[in-house]
Q: 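Just dropping this structure here.
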Amino acid sequence: MTTHTPWTTESLFEALKHIKLGGTTCLYTREKCEAMAPKINQINTLKAEKNAIILAHSYVSPEIIHTLADFSGDSYELSKKAKATNADTIIFCAVKFMAETAKLLNPSKKVVIPSELNGCSLADSITKEQVNQLRKTYPKATFVCYINTTAAVKAACDVCVTSSNVYDIIEHIPNDEIYFLPDKLMGMNVINELKRRGSKKNIRIWDGTCYVHEEYDPDLVNYIRSQHPGVSVVSHPECHESIISLSDFVGSTSQMLEHVRNTKAPSYFMLTECGLTSRLQLEDPKKAFVGSCTLCKYMKANNLDDILTALQEPRPESIIEIDPRVAKEALDSITAMFDYHKKSQSKKSQL
Ligand code: 13P
Ligand code: SF4
């Protein structure tokens, strides 16, 4: 766990002042920093006293990522950190399905999700009853669920995937009949990518979407390109295929971050939640970002007051509990993901 020098209004303002996304959510004034600094210090002190760790998805507010999180990343990396931690308590600043995954991987830990608004339009788009019905309709298919699903839905499927490994894992499943859920846009991207790789898989998809990523319009990408010569268009696989085909780079949120960190385009257009742009602005104020980004109301619902409550006296519904039978079956899907991930990586390294 990280030890922290207490934050002052000035040190906080200096750290966060480069974040400029246009809206008030991520705009930091001295007054805002003055109100936040004592709470941040209180949280860091309590965190150490209680042997707690704070894991944060890159989409949550910058003050959480920069001043409180022991680790920030994409859902795959966060699940690995949750599995490996020795802390007694995991405060999971993200959405509920990610906190559930942490509990599945490290069941002896107390896992707490601070915010009440912790859904996800993808995870909320399908129930385990619907999956069971689909399994009756397509009995020969391997059911692959995106990690953006509830533990109960994971338990009803065979293999879990994340945006960082979805193409490679589905390619390596030894069955040509696949049912992928719940993201229809990611599903179309999987179909296109696997066709490009010469795979003969027959992939059926569910009808869910991420309400943040489905909004992007190819006309906007073309307009941004015409206004900003050399712009690098960077997108997430939850975007529509028309966006993917116009992108210079497509990957998970952490892969997008790495891409921007390791390249030197005159400007970047990030087609994802604003959290990624703010992380990059904070790391390197000289990088130029153009166009707009979009906020996820669920991720941005994580706030300092709720994190404090989660550490002091969490609301009972904030503490993640999963029925043991569901947990066992859901863990099988996640374990299958780690196994396929290892296989696909070792195949890649042999090439
Ligand atoms: P990542 O795993 O790429 O971080 O994606 C999670 C997510 O919810 C994107 O909307
Ligand atoms: Fe869910 Fe979309 Fe928010 Fe990610 S950005 S948590 S997929 S609603």
Side-chain angles (χ1 to χ4, degrees), residues 21 25-26 55-61 64-65 69 71-83 92-102 105 113-126 144-150 153-154 160-169 180-187 189-190 206-216 234-240 243-244 247 249-260 270-280 292-302 334 337-338 341:
L21 294 174
T25 310
C26 302
L55 299 180
H57 189 270
S58 293
Y59 290 167
V60 303
S61 295
I64 298 174
I65 291 180
F71 180 77
S72 311
D74 67 11
S75 47
Y76 187 72
E77 294 170 324
L78 287 166
S79 63
K80 288 205 300 187
K81 289 285 172 191
K83 191 177 178 196
F92 214 112
C93 297
V95 286
K96 189 171 181 185
F97 76 81
M98 292 189 190
E100 278 188 344
T101 306
L105 287 165
I113 177 111
S115 62
E116 280 180 87
L117 187 67
N118 53 36
C120 160
S121 67
L122 281 171
D124 298 340
S125 74
I126 189 162
V144 181
C145 58
Y146 187 28
I147 199 163
N148 295 38
T149 43
T150 61
V153 165
K154 286 185 181 77
C160 177
V161 293
T162 75
S163 57
S164 68
N165 55 32
V166 55
Y167 303 133
D168 289 344
I169 288 184
F180 176 73
L181 59 92
D183 189 345
K184 74 170 173 197
L185 301 186
M186 183 179 280
N189 295 328
V190 173
W206 185 247
D207 195 26
T209 53
C210 161
Y211 89 103
V212 173
H213 290 87
E214 75 175 338
E215 282 303 302
Y216 300 121
V234 184
S235 66
H236 192 274
E238 287 171 16
C239 295
H240 190 272
I243 299 293
I244 301 301
S247 298
F249 181 84
V250 181
S252 77
T253 51
S254 291
Q255 290 165 345
M256 293 169 81
L257 274 177
E258 277 308 297
H259 172 77
V260 177
M270 307 293 286
L271 289 135
T272 194
E273 214 275 348
C274 300
L276 234 51
T277 311
S278 48
R279 273 194 80 172
L280 289 158
S292 57
C293 55
T294 330
L295 296 168
C296 170
K297 64 181 173 186
Y298 305 109
M299 289 285 191
K300 288 293 193 275
N302 289 277
I334 298 173
M337 168 176 78
F338 287 124
H341 182 79

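Along the sequence shown, the residues carry numbers beginning at 1. Just follow the structure's listing: the first ligand is 1, and inside any ligand the first atom is 1.
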Q: Write down the atom of Asp74, the atom of Ser254, and the distance for their closest heavy-atom approach.
A: N-OG, 3.0 Å
Q: For atom 1 (Fe) of ligand 2, what is the nearest protein heavy atom, given as residue, atom name and distance?
A: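 Looking only at protein heavy atoms, the one closest to atom 1 (Fe) of ligand 2 is Cys120 SG, 2.4 Å.
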Q: What's the spacing between Leu276 CG and Met270 CE if we round to 0.5 Å?
A: 4.5 Å
Q: Just jot down the ligand 2 atoms closer than 4.0 angstrom to any heavy atom of Asn148, in number order.
A: 7 (S)
Q: Crowded around Lys83 NZ? As in, over 12 foreign heavy atoms under 6.0 Å?
A: no
Q: Under 4.0 Å from a heavy atom of Ser121: give me the atoms of ligand 2 that qualify, with their elements.
A: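 Close to Ser121: 8 (S).
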Q: When you look for heavy atoms under 4.0 Å from ligand 2, do you find them on the side chain of Glu273, its backbone, both, or neither?
A: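 The answer is neither; Glu273 stays 4.0 Å or more away.
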Q: What is the closest protein heavy atom to atom 2 (O) of ligand 1, and at what distance does it sit?
A: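 For this ligand atom, the closest protein heavy atom is Ser75 OG, 2.5 Å.
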Q: Kindly give the heavy-atom pair with the smallest separation between Cys210 and Ser121, and that separation in Å.
A: CA-OG, 3.3 Å
Q: Against heavy atoms of Cys210, which atoms of ligand 2 measure under 4.0 Å?
A: 2 (Fe), 5 (S), 7 (S)
Q: How many angstroms lie between CD1 in Ile244 and OG in Ser235, if you round to the nearest 0.5 Å?
A: 3.5 Å
Q: If you measure from each heavy atom of His213 to ligand 1, is any distance below 4.0 Å?
A: yes
Q: Heavy-atom distances under 4.0 Å are what count here, so tell me which part of Thr162 touches ligand 1: side chain, backbone, both or neither.
A: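 For Thr162, no heavy atom sits under 4.0 Å from ligand 1.
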Q: Are Lys154 and Ile147 packed together at the side-chain level, in the sense that at least one heavy-atom pair is separated by less than 4.5 angstrom?
A: yes
Q: Is it true that the side chains of Ser164 and Thr162 contain a donor and an acceptor less than 3.5 Å apart?
A: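 The criterion, which ignores hydrogens and geometry beyond distance, is satisfied for Thr162 and Ser164.
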Q: Purely on distance, is any nitrogen or oxygen of Asp74 under 3.5 Å from one on ligand 1?
A: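 No, since none of the N or O atoms of Asp74 sits under 3.5 Å from an N or O of ligand 1.
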Q: Considering only protein heavy atoms, which is closest to atom 5 (O) of ligand 1, and at what distance to one decimal place?
A: His236 NE2, 3.3 Å
Q: If you measure SG to SG, does Cys145 sit under 2.5 Å from Cys160?
A: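 Taking the criterion (SG atoms under 2.5 Å apart), Cys160 and Cys145 fail it, so no.
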Q: Report the nearest protein non-hydrogen atom to atom 7 (C) of ligand 1: residue, atom name, distance rounded to 0.1 Å.
A: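 Heavy-atom neighbour on the protein nearest atom 7 (C) of ligand 1: Glu238 OE2, 3.6 Å.
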Q: Among protein heavy atoms, which lies nearest atom 6 (C) of ligand 1, and at what distance?
A: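 Going atom by atom, the protein heavy atom closest to atom 6 (C) of ligand 1 ends up being His57 NE2, 3.7 Å.
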Q: Tell me whether Glu116 at atom CD has more than 12 heavy atoms from other residues, nucleotides or ligands lying less than 6.0 Å away.
A: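 Check fails, neighbour count at 12 or below.
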Q: What atoms of ligand 1 come closer than 4.0 angstrom to any heavy atom of Ser252?
A: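 So the atoms of ligand 1 that pass are 3 (O).
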Q: Which atoms of ligand 2 have any heavy atom of Tyr211 under 4.0 Å away?
A: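 Result: 8 (S).
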Q: Report the residue from Thr253, Thr272, Asn302 that forms a side-chain hydrogen bond (donor to acceptor under 3.5 Å, both in side chains) with Tyr59.
A: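 Of Thr253, Thr272, Asn302, side-chain hydrogen bond (donor to acceptor under 3.5 Å, both in side chains) with Tyr59 is met by Thr272 alone.
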Q: Can you find a heavy atom in the side chain of Phe97 that is under 4.5 Å from one in the side chain of Val153?
A: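 Heavy-atom side-chain distance check fails, nothing below 4.5 Å.
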Q: With under 30° as parallel and over 60° as perpendicular, where do the rings of His213 and His236 fit, or are they tilted in between?
A: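 Rings of His213 and His236: tilted, as their planes differ by 30° to 60°.
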Q: Taking only heavy atoms of Tyr59, which atoms of ligand 2 are found under 4.0 Å from at least one of them?
A: 4 (Fe), 5 (S)
Q: Taking Thr209 as the fixed residue, which of Glu214, His240, Glu215, Glu238 is the one that meets the side-chain hydrogen bond (donor to acceptor under 3.5 Å, both in side chains) rule?
A: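 That would be Glu214.
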Q: For Tyr76, is at least one N or O under 3.5 Å away from an N or O on ligand 1?
A: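 Looking only at distances, the answer is no, because the N/O contact criterion of under 3.5 Å is not met.
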Q: Closer than 2.8 Å to atom 1 (Fe) of ligand 2: does that hold for any N, O or S atom in Cys296?
A: no
Q: Looking only at protein heavy atoms, which one is nearest to atom 3 (O) of ligand 1, and how far off is it?
A: Ser163 OG, 2.6 Å
Q: Tell me which one of Thr253, Leu276, Leu122 gets a heavy atom nearest to atom 4 (O) of ligand 1.
A: Thr253
Q: With heavy atoms of Leu122 as the reference, note each atom of ligand 2 found under 4.0 Å away.
A: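 Selected atoms, number and element: 7 (S).
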Q: Starting from atom 8 (O) of ligand 1, locate the nearest protein heavy atom and write down its residue, its atom name and how far away it is, to 0.1 Å.
A: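 Sorting protein heavy atoms by distance from atom 8 (O) of ligand 1 puts Asn148 ND2, 3.2 Å first.
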